[in-house]
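So the structure is just underneath, and the comments pick up after that.
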Amino acid sequence: MLEIRNLCKTFAKGTVNEHAALRSVSLTVADDDFITILGSNGAGKSTLFGAIAGTFYADEGEIILDGRDISNLPEHKRARVIGTLFQDPMKGTAPGMTIEENLSLACNQSSRFPLARAVQKRDLAKFRENLARFEMGLEDRMKMKVGLLSGGQRQALTLLMATIAKPHLLLLDEHTAALDPATAEKVMGITVKIVKEQRIPTMMITHNMGQALSVGNRTIMMDAGQVILDISGQERQMMTVPKLMTMYSGARGKELDNDRMLLSQ
Ligand SMILES: Nc1ncnc2c1ncn2[C@@H]1O[C@H](COP(=O)(O)OP(=O)(O)O)[C@@H](O)[C@H]1O
Ligand SMILES: [Mg+2]
């Protein structure tokens with residue numbers, strides 16, 4: 001379980017560019033929660049992930065993961081228990097290393113010797129089996145350098161790397177947004193499967209409102225550094241994209257200003 005209490009982050013404090021990106025965000029993510037996160041551009045969604053993953057330290061507030069306060073842990077230590085995926089398929093894998101070496105690194109990340117590069121034989125069968133699920137032919141190219149893969153293949157590999165060591169939390173920041181529609185759908189389908197099978201508490205940022213309501217079990221909406229909506233259960237089942245947009249403009253007195261989002265019904 002993840003507990004976020006009164007998380008605050010202001011960028012460029014004391015300058016003309018000062019910007020409060022997180023304004024006292026509190027949120028509890030249960031073990032079986034798959035939360036989708038919506039919000040217009042600049043709402044603070046990626047900043048929330050950055051604060052949780054330790055890309056930077058929050059100014060105030062606590063982040064408790066499975067009972068442990070990780071607020072002051074550096075990013076590389078949090079990475080042992082938090083899997084992250086971003087929009088850019090070039091992030092998250094080492095291009096000069098092979099597929100199996102990348103997966104091996106990910107497996108060893110939570111062990112005592114995180115940089116042990118040797119690929120264990122028993123791991124290979126597991127890698128092959130997991131790669132085959134993507135139906136991208138990756139299982140037959142395990143000795144290929146990752147830099148030679150397409151964006152979609154690379155993102156699929158990153159997803160596997162982020163989840164193979166069973167993280168305590170998975171953060172997905174528009175991880176299928178840069179992929180072509182067919183590949184995006186494939187990667188999304190496998191994401192849902194992996195999360196369900198391994199019961200990984202998951203938070204996923206998406207600009208697709210229809211997807212936000214259909215994937216996972218709970219949807220939150222952020223605006224101006226705050227969580228302004230948190231729906232689950234029956235309320236979420238009854239929710240539609242037009243209703244969500246009306247609720248947003250009603251609560252904020254303005255229209256959702258993310259063009260991409262308006263197009264994605
Ligand atoms: N490193 C940074 N330095 C200064 N301002 C930042 C930084 N990161 C984000 N911001 C600002 O914080 C706000 C929230 O950004 P972000 O969390 O990326 O929004 P979202 O992901 O919801 O689109 C934006 O106004 C953005 O310009
Ligand atoms: Mg963002």
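All residue numbers in this chain count up from 1 along the given sequence. Start at 1 and go down the list; that is how both ligands and their atoms are numbered. Just so you know, these numbers come straight off a predicted model, no measurement behind them.
Heavy atoms from other residues, nucleotides or ligands lying under 6.0 Å from CD of Glu75 number more than 12. A 6.0 Å sphere centred on NZ of Lys243 holds more than 12 heavy atoms belonging to other residues, nucleotides or ligands. With a 6.0 Å radius and a threshold of 12 heavy atoms from other residues, nucleotides or ligands, Glu60 has its CD atom at or below the threshold. For Glu197, the CD atom is densely surrounded, since the number of other residues' heavy atoms within 6.0 Å is greater than 12.
Two residues are said to be in side-chain contact when any heavy atoms from C-beta on lie closer than 4.5 Å; Arg218 and Asp230 meet this criterion. Counting heavy atoms from C-beta outward, Leu65 and Leu169 have side chains that approach closer than 4.5 Å. Contact annotation: the side chain of Met144 approaches that of Leu149 to within less than 4.5 Å [non-hydrogen atoms, C-beta and beyond].
Under the side chain to side chain contact (heavy atoms under 4.5 Å, CB included) criterion, Arg78 pairs with Tyr57, Ile63, Ile70, Leu73, Ile82, sequence neighbours left out.
Remark: ligand 1 atoms within the under-4.0 Å shell around heavy atoms of Gly44 are 14 (C), 17 (O), 19 (O), 20 (P), 22 (O). In the vicinity of Ala43, heavy-atom distances shorter than 4.0 Å reach the ligand 1 atoms 19 (O), 20 (P), 22 (O). Within ligand 1, the atoms closer than 4.0 Å to a non-hydrogen atom of Asn41 are 23 (O), numbered from 1 in the order shown.
When only non-hydrogen protein atoms are considered, atom 25 (O) of ligand 1 lies nearest to His19 NE2, 3.2 Å. Closest to atom 6 (C) of ligand 1 among all protein heavy atoms lies Phe11 CD1, 3.2 Å. Residue, atom and distance of the protein heavy atom nearest to atom 15 (O) of ligand 1 are Thr47 OG1, 3.6 Å. Here the heavy atom of the protein found nearest to atom 18 (O) of ligand 1 is Ser46 CB, 3.7 Å.
Contacts between Met222 and ligand 1 below 4.0 angstrom, taking non-hydrogen atoms only, are absent altogether.
Only protein atoms were considered; those of element N, O or S under 2.8 Å from the Mg ion (ligand 2) number 1.
A donor atom on one side chain and an acceptor atom on the other are found under 3.5 Å apart for Thr36 and Thr219.
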Could you please spell out the steps behind the salt bridge (Lys or Arg N to Asp or Glu O under 4.0 Å) verdict for Lys143 and Glu100? CA-CA 6 Å; Lys143 298 213 181 295; Glu100 61 183 37; 2.7 Å; yes

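Where the criterion is an N or O separation shorter than 3.5 Å, residue side chain and backbone included, Gly42 meets it with respect to ligand 1.
Counting protein heavy atoms under 4.0 angstrom from atom 27 (O) of ligand 1 gives zero.
A salt bridge does not link Glu139 to Arg128: none of the charged side-chain nitrogens sits closer than 4.0 Å to a carboxylate oxygen.
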